[in-house]
Enquirer: 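First the structure, which I've put down as structure tokens, then a few questions once you've had a look.
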Amino acid sequence: MPSPGLPPPAAALLADVGALRRSSRGGIASGSASARALHGLAVAAGYAGDTFVASAFTKLYSTLSRGDDARRVFDAVPSPDTVLWNTLLAALSGSEAMEMFVRMVRAGSAQPDSTTLSSVLPAAAEVADVTMGRCVRAFGEKCGLAQDEHVVTALISLYAKCGDMECARHLFDRMVAPDLVAYNALISGYSVNGMVGSSVELFKDLVTLGLRPTSSTLVALIPVHSPFGHEQLTRCLHAYVVKAGFDANAPVSTSLTTLYCRLNDMDSARKAFDAMPEKTMESWNAMISGYAQNGLTEKAVALFQKMQALNVPPNPLTISSALSACAQLGALSLGKWVHKIISKENLELNVYVMTALIDMYVKCGSIAEARRIFDRMDNKNVVSWNVMISGYGLHGQGAEALKLYKDMLDANLLPTSSTFLSVLYACSHGGLVEEGRTAFRSMTSDYGFTPGIEHCTCMVDLLGRAGRLKEAYELISEFPKNAIGPGVWGALLAACMVHKDAELAKLASQKLFELEPENTGYYVLLSNLYTSKKQYSEAAGVRQEAKSKKLVKTPGCTLIELGDKPHVFMAGDRAHPQSDAINSYLEKLTTKMIEAGYRPDTEAALYDVEEEEKEHMVKVHSEKLAIAFGLLNTEPGTEIRIIKNLRVCLDCHNATKIISKVTQRLIVVRDASRFHHFRDGICSCGDYW
DNA sequence: AGGAGTGAGT
């Protein structure tokens with residue numbers, strides 16, 4: 001501690017900062033408050049302009065994920081040196097770091113070195129800006145820094161993130177002696193690009209060479225969104241984990257937790273997590289995001305609540321994961337609670353947090369609130385824009401999505417392939433055929449992206465919904481080979497279903513039965529199509545085939561929140577305590593609805609896209625129960641928000657329109673694929689879903 | 001006495 005009246009020696013300060021940073025790394029320390037106290041001390045002692053002191057604090061704030069504070073420390077230094085610039089670059093998020101790098105080069109007072117480049121390249125990778133990456137690389141070549149091992153590894157990672165595995169591999173092959181980190185980067189690249197064979201090959205090379213894989217290597221082998229069929233790899237990895245007997249330090253336990261999460265083995269993940277006597281920030285995050293990514297949203301929320309109860313301060317990643325869980329659940333009240341925590345923890349300037357918050361409001365039905373937050377952010381990055389654009393798509397506001405896309409280009413942001421996915425999705429859900437075609441063309445010819453599975457599926461969906469089945473079918477043959485799979489054929493089949501083209505439907509189903517014999521949805525679709533065309537024996541044949549494969553349908557259910565308590569209804573549900581009241585209210589309501597022009601459409605259940613069992617025809621669909629429950633238990637004029645796990649059927653869609661009219665309520669329905677805003681007898685989707 | 005490459009968010 002400094003003696004009163006005398007400034008503490010810089011060395012003592014630096015030691016204190018270092019100690020605080022090390023204790024904060026575990027996330028258990030109260031973090032920001034102590035850092036600010038110490039920083040205040042340093043400023044009072046006249047060290048604000050000292051590059052050594054400043055970079056220590058910059059690093060400390062960086063560890064605490066406080067890019068804004070790091071920036072303030074930096075700004076107080078009149079002539080920052082290379083190390084201070086580098087520390088700042090590492091503390092900032094993607095787009096901010098790239099901006100600062102440009103400023104550093106322009107300022108010209110401190111010469112960038114290899115550390116500078118290895119700090120800024122991950123920032124370019126973060127926002128998938130391969131152009132910026134190329135600029136940095138060219139700059140590195142000019143200055144003779146491009147051969148540095150760290151720089152090359154960062155470049156490999158960048159190219160991999162942007163989907164250019166050839167380039168990544170080329171760089172790797174030219175390395176004299178690639179180390180474990182370089183291997184991990186390339187392995188991870190192959191995994192996330194779905195090239196499992198190559199990643200396993202590389203893993204073998206690594207072992208043959210005598211390098212010892214770490215748990216991070218194993219994590220890199222399994223992509224975040226593991227596309228099922230990896231059973232063999234999964235088994236091998238399990239065996240390897242057991243045999244390898246990693247030393248049980250905190251980073252290893254965290255990696256193991258992550259690995260198990262990616263293998264969808266959440267019990268083992270939890271065991272690895274529980275076995276840690278001292279949880280670190282990283283381990284909490286691995287477990288919470290693992291739950292969220294595996295769809296175990298309640299568990300993700302519960303663990304986050306436990307963390308809160310233990311007074312462990314969350315970091316941006318924790319919050320993002322919690323918000324992702326709320327978004328999946330559609331749990332607005334929970335999401336608002338997390339929003340309060342964001343304010344309490346002072347994380348409103350964090351771009352990850354705010355982007356996740358926007359996504360939460362979008363997926364919980366509050367598109368207006370999402371937009372308000374979006375407009376107030378002054379550090380938006382490409383992901384924030386993508387989220388907002390796809391939000392409009394989800395809510396059927398295609399024109400608004402396109403407008404935002406244009407604003408994004410005007411703001412000189414480079415669209416990513418996800419941007420195009422959001423735009424195409426919005427066009428598809430808004431019926432904007434020509435705009436969608438234009439975007440698809442622009443994506444390949446102006447921006448050089450190869451369309452992926454999802455882009456292609458969207459295009460088929462777009463054309464198919466508009467009834468241009470033949471065009472859709474022809475377009476498929478122009479898609480890249482690896483994009484033609486269950487996705488595009490499924491979209492085509494769904495379109496055939498809507499426009500009753502049995503011939504093309506048969507063709508599409510044939511492909512689908514070959515590709516995914518276990519998927520029930522296609523059988524249902526085809527059978528429904530035959531039924532609607534009164535080809536009953538064909539319909540029966542398909543159903544028989546499905547039955548012989550013992551295919552089970554997902555039962556439909558709907559969630560509604562009252563206050564902050566969730567209520568879940570199944571079709572024909574009588575389990576709810578208010579069941580009697582709900583049903584008699586529904587009867588009364590139906591009378592009023594019929595007076596207003598509603599015709600119950602029992603046929604509709606047959607056209608039902610994929611949904612409830614035929615027997616459910618006679619039952620009341622779950623969304624009607626939830627809406628009735630909501631109407632019964634809220635004040636007149638209050639809006640009703642419900643979430644359904646399947647797509648809404650035609651009859652329920654009609655019914656909800658009329659209900660919104662006769663009760664004068666706004667009813668917001670989130671179904672399996674989009675949002676419907678029902679108001680005064682009209683739905684925002686324009687009956688196009 | 002202070003800095004970097006894998007691994008988080010659509």
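Residue numbers begin at 1 in each chain, while the letters A, B, ... track the order of the sequences.
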Enquirer: Rounded to the nearest angstrom, tell me the gap between atom CG in A:Asn184 and atom C1' in B:dA4.
Expert: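 Interatomic distance, CG of A:Asn184 to C1' of B:dA4: 16 Å.
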Enquirer: What contact category does A:Ser114 fall into here, base, sugar-phosphate, or nothing, at under 4.0 angstrom with non-hydrogen atoms?
Expert: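 Touches a base.
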Enquirer: In terms of side-chain geometry, is the basic nitrogen of A:Asp69 or A:Arg72 positioned less than 4.0 Å from the acidic oxygen of its partner?
Expert: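 Judged by the 4.0 Å cut-off on N to carboxylate O distance, A:Asp69 and A:Arg72 do form a salt bridge.
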Enquirer: Would one find a side-chain N or O of A:Ser188 under 4.0 angstrom from OP1 or OP2 of B:dG7?
Expert: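 Yes, such a contact exists.
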Enquirer: Less than 3.5 Å between a donor and an acceptor, one on the side chain of A:Asp81 and one on the base of B:dG2, is that the case here?
Expert: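 Counting by modelled atom types and ignoring angles, a donor-acceptor contact under 3.5 Å is found here.
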Enquirer: Which residue pairs pass the salt bridge (Lys or Arg N to Asp or Glu O under 4.0 Å) test with at least one member in residues 79-103 of chain A, sequence neighbours excluded?
Expert: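 Sorted result for residues 79-103 of chain A: empty, none.
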Enquirer: Between B:dG9 and A:Asp359, counting only base atoms on the nucleotide and side-chain atoms on the residue, is there a donor-acceptor pair under 3.5 Å?
Expert: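 Answer no: no donor N or O sits under 3.5 Å from an acceptor.
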Enquirer: In whole angstrom, give the distance that lies between atom OH of A:Tyr47 and atom P of B:dA1.
Expert: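 In whole Å, B:dA1 P lies 15 Å from A:Tyr47 OH.
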Enquirer: When you get a sec, tell me which of B:dT6, B:dA8, B:dA1 is the closest nucleotide to the side chain of A:Leu14?
Expert: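 Within the option list, the nearest is B:dA1.
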Enquirer: Does either side chain, that of A:Asp461 or that of A:Ser428, offer a donor lying less than 3.5 Å from an acceptor on the other one?
Expert: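 Yes, because at least one side-chain N or O of A:Asp461 sits under 3.5 Å from a partner of the opposite role on A:Ser428.
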Enquirer: Could you tell me whether A:Ser216 contacts a base, only the sugar-phosphate backbone, or nothing, with contacts defined as non-hydrogen atoms closer than 4.0 Å?
Expert: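 Base, at least one base heavy atom under 4.0 Å.
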Enquirer: Could you give the CG-to-C1' distance, from A:Leu323 to B:dT10, as a whole number of Å?
Expert: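 Those two atoms, CG and C1', are 14 Å apart.
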Enquirer: Check whether the aromatic ring of A:His150 stacks on the base of B:dG5, taking stacking as ring centres less than 5.5 Å apart and planes within 30° of each other.
Expert: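 No, A:His150 does not stack on the base of B:dG5.
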Enquirer: If we ignore angles and hydrogens, is there a donor and acceptor under 3.5 Å between the side chains of A:Thr254 and A:Ser283?
Expert: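 Short answer, no.
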Enquirer: Mind checking if A:Val351 touches a base, just sugar-phosphate, or nothing, with heavy atoms under 4.0 Å?
Expert: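 Base, at least one base atom sits under 4.0 Å.
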Enquirer: Is the shortest side-chain heavy-atom distance between A:Met175 and A:Asp173 below 4.5 Å?
Expert: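 No. Closest side-chain heavy atoms not under 4.5 Å.
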Enquirer: With rounding to the nearest 0.5 angstrom, report the CG to CZ distance, A:Leu421 to A:Phe449.
Expert: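 Nearest 0.5 Å value for the CG-CZ distance: 11.5 Å.
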Enquirer: For A:Gln293 and B:dA8, is the shortest distance between a side-chain N/O and OP1 or OP2 below 4.0 Å?
Expert: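 No, A:Gln293 has no side-chain N/O under 4.0 Å of OP1/OP2 on B:dA8.
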Enquirer: Among B:dT10, B:dA8, B:dG5, which nucleotide has an atom closest to any side-chain atom of A:Leu317?
Expert: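 So the side chain of A:Leu317 is nearest to B:dA8.
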Enquirer: Hey, does A:Ser418 reach any base, or is it just sugar-phosphate, or nothing, if we go heavy atoms under 4.0 Å?
Expert: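 Since a base atom lies under 4.0 Å of A:Ser418, the category is base.
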Enquirer: Can you tell me the distance, in whole Å, between the NE2 atom of A:His395 and the C1' atom of B:dT10?
Expert: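 Distance check: A:His395 NE2 to B:dT10 C1' gives 14 Å.
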Enquirer: Any base atoms under 4.0 Å from A:Thr82, or only sugar-phosphate, or nothing? Heavy atoms, all strands.
Expert: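 Base, at least one base atom sits under 4.0 Å.
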Enquirer: So what does A:Ser119 touch, heavy atoms closer than 4.0 Å: a base, only the sugar-phosphate, or nothing?
Expert: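 Sugar-phosphate, backbone atoms only, no base.
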Enquirer: Report yes if at least one side-chain N or O of A:Lys59 is closer than 4.0 Å to OP1 or OP2 of B:dA4; otherwise report no.
Expert: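 Looking at the OP1 and OP2 atoms of B:dA4, one of them is under 4.0 Å from a side-chain N or O of A:Lys59.
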Enquirer: For A:Gln147 and B:dA4, what is the distance between atoms CD and P respectively, to the nearest whole Å?
Expert: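 Answer to the nearest Å: 22 Å.
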Enquirer: How do A:Asp179 and A:Val83 order along DNA chain B: which one's closest nucleotide is nearer the 5' end?
Expert: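 Here A:Val83 is the residue nearer the 5' end.
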Enquirer: For the pair made of CD in A:Glu282 and P in B:dG9, what is the distance, rounded to whole Å?
Expert: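 It works out to 15 Å between those atoms.
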Enquirer: Just the rounded figure in Å: distance from P of B:dT10 to CZ of A:Arg674.
Expert: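 Roughly 21 Å, once rounded to whole Å.
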Enquirer: Which listed nucleotide (B:dA8, B:dG2, B:dT6) is nearest to the side chain of A:Thr258?
Expert: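 The answer is B:dA8.
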Enquirer: Just checking A:Thr58: base, sugar-phosphate only, or nothing, at a heavy-atom cut-off of under 4.0 Å?
Expert: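 Result for A:Thr58 = nothing.
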Enquirer: Over how many whole Å does the gap from A:Leu158 atom CG to B:dG5 atom P extend?
Expert: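 Whole-Å distance recorded here is 14 Å.
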Enquirer: Can you tell me which nucleotide in B:dG2, B:dT10, B:dA4 comes closest to the side chain of A:Lys363?
Expert: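 So the nucleotide nearest the side chain must be B:dT10.
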Enquirer: Please indicate yes or no: is the ring centre of A:Phe52 less than 5.5 Å from the centre of the six-membered base ring of B:dA1, with the two planes inclined by under 30 degrees?
Expert: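 Yes, aromatic ring over the base.
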Enquirer: Taking N and O atoms by type only, does the side chain of A:Ser118 place a donor or acceptor under 3.5 Å from a partner on the base of B:dG5?
Expert: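 Absent.
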Enquirer: Between B:dG9, B:dG7, B:dG5, which one does the side chain of A:Thr153 approach most closely?
Expert: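 Output: B:dG5.
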Enquirer: Between atom OH of A:Tyr260 and atom CG of A:Leu218, what is the distance when rounded to the nearest 0.5 Å?
Expert: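 One gets 10.0 Å once the value is rounded to the nearest 0.5 Å.
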Enquirer: Going by side chain to side chain donor-acceptor pair (under 3.5 Å), name the pairs with one or both residues in residues 174-186 of chain A, residues two or more places apart or in two chains.
Expert: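 Side chain to side chain donor-acceptor pair (under 3.5 Å) check on residues 174-186 of chain A returns A:Asn184-A:Thr217.
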Enquirer: What is the nucleic acid contact for A:Val181, judged by heavy atoms within less than 4.0 Å: base, sugar-phosphate only, or nothing?
Expert: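 Counting heavy atoms under 4.0 Å across all strands, the contact made by A:Val181 includes a base.
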Enquirer: Under 4.0 Å, heavy atoms only, any strand: does A:Asn285 hit a base, just the sugar-phosphate, or nothing?
Expert: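 Answer is nothing: A:Asn285 stays at 4.0 Å or more from every strand.
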Enquirer: Which part of the nucleic acid, if any, lies within contact of A:Asn315, taking any heavy atom under 4.0 Å across all strands shown: a base, the sugar-phosphate backbone alone, or nothing?
Expert: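 Here A:Asn315 touches no strand at all.
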Enquirer: Can you tell me which nucleotide in B:dG2, B:dA4, B:dG9 comes closest to the side chain of A:Thr355?
Expert: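 Looking only at side-chain atoms, A:Thr355 lies closest to B:dG9.
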Enquirer: Let's test your reading of the model: under 3.5 Å, does the base of B:dG2 pair with the side chain of A:Ser55 as donor and acceptor?
Expert: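 Pair found.
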